[in-house]
Number of protein chains: 2
Amino acid sequence: MPITKVESEDILDRLTEVFRTVGYEGATLSKLSEATGLQRASLYHRFPGGKKEMAETVLLRCGSQFQEQILNPLKGEGTPEERLQRMARNLSQYYQKGNAACLLDTLSVGEGQDIFSQHIQESFALWIETLAKVVQEGTDLTKARSKQIAEDQVMKIQGALVLARGTGVTKPFQRVLQGLPEILKTK
Amino acid sequence: MPITKVESEDILDRLTEVFRTVGYEGATLSKLSEATGLQRASLYHRFPGGKKEMAETVLLRCGSQFQEQILNPLKGEGTPEERLQRMARNLSQYYQKGNAACLLDTLSVGEGQDIFSQHIQESFALWIETLAKVVQEGTDLTKARSKQIAEDQVMKIQGALVLARGTGVTKPFQRVLQGLPEILKTK
DNA sequence: GTCTATAGGAAGATAGAC
DNA sequence: GTCTATCTTCCTATAGAC
């Protein structure tokens, strides 16, 4: 019998939590083992490539979830403002109201940088690009200016998560999300 | 003869570079040794507390430099706008035009979080507080609103550094700094 | 598919010569 | 103050029983 889907999802959730919290180098096999309740050897059975494969799997899965929950709603139905509101609502959930770090951030330090830089780079670019299109659609700004505004928002969100991790305060993160739909009022 | 000042400063610069780039857990004794040109044992001679003491020293030194280069100018002479311009210019240098990560960010992941959370928390609070005072002085906004604006800017800066680390692109960081003095035009 | 046991190496840290 | 040599612990990874 193959590894059941439910089990895998649960395991992946726990692995994700570890990588998000402590980064790539901080995620020791001991921590990953403890978090999942699986012994090292069992983890290697599921991920023959070891820690690197675990991180890759987690990163790809987060990318898919981000696509579904954040980017697709941005490209979906409704006015640009409605879509931004949806994005904000889903971002709040995705980042657990500011209590969860962004993998693109924590995995871009140290050895993680070496391994995942290309993926991280593309993920940021895609997010910004998708958001920029909505901005351009909802305003009469140039493409270049729309991209700047999209970048600004992504930076604010990332910065809010850094601040939340550093201070334990999540209010600023929530404020950033609240302000998201209003970027269409930019002149 | 005690360790000369010049030597120490140089050593500390190199240690800082390592911690900034790879974080606490990524900063192995091997890397710290290689970066400084000192053998492990020599590092332990200078920092009997080992890696933890190195990181502490680096963090405190960066805090002092930040105070001198960023916060003191904010509290110094000139109009609020001039002071913000000075801050922006000095931030550009402090973060090497966006190419250097913020220690408060990279050290707030994993084991670094456990060790330095209090210092990190206080550093962010002090930065925001100092900046908020300038905003309040340069506008007719309430204290609470001024603090929000200060938070926004610190978040933008941190987010810009995350984006720069993740994508290698530093233009957004420089744009954030350019926009800094204009926050006084907020209504 | 999970486990125990262990290999092999790199981690942080120390001893003691110079 | 710096070095070489070494200690112990923890790391990633594998072997093989069940």
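Letters go in sequence order (proteins before strands), and every chain restarts at 1. Predicted model, so just to flag it, every value in this text is computed and none were measured.
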Is [X] salt-bridged to [Y], going by a charged N under 4.0 Å from an acidic O?
| X | Y | result |
| --- | --- | --- |
| R175(A) | E151(B) | yes |
| R145(A) | D140(A) | no |
| R14(A) | D10(A) | yes |

Please report, rounded to the nearest Å, how far the [atom2] atom of [N] is from the [atom1] atom of [X].
| X | N | atom1 | atom2 | result |
| --- | --- | --- | --- | --- |
| E53(B) | dG12(C) | CD | P | 15 Å |
| L43(B) | dT14(C) | CG | P | 13 Å |
| Y24(B) | dA11(C) | OH | C1' | 12 Å |
| E25(B) | dG12(C) | CD | P | 10 Å |
| K31(B) | dA10(C) | NZ | C1' | 12 Å |
| E34(B) | dA11(C) | CD | P | 11 Å |
| L15(B) | dG12(C) | CG | P | 13 Å |
| L29(B) | dT2(D) | CG | C1' | 16 Å |

Any donor and acceptor pair, going by atom type alone, linking the side chain of Q174(B) with main-chain N or O of K97(B) inside 3.5 Å?
->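 Side chain of Q174(B) to backbone of K97(B): a pair is present.
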Hey, is the main chain of A100(B) close enough, under 3.5 Å, to the side chain of Y94(B) for a donor-acceptor pair?
-> no
Side chain of [X] only, please: which of [options] is the nearest?
| X | options | result |
| --- | --- | --- |
| Q39(A) | dT4(C), dC3(D), dT2(C) | dT4(C) |
| A41(B) | dC11(D), dT2(C), dT4(D) | dT4(D) |
| K51(A) | dT2(D), dT12(D), dG1(C) | dT12(D) |
| R40(B) | dA13(C), dT4(D), dT12(D) | dA13(C) |

Check whether any side-chain nitrogen or oxygen of [X] sits under 4.0 Å from OP1 or OP2 of [N], and answer yes or no.
| X | N | result |
| --- | --- | --- |
| S30(A) | dC11(D) | yes |
| Y44(B) | dT14(C) | no |
| S42(A) | dC3(C) | yes |
| R46(A) | dT2(C) | yes |

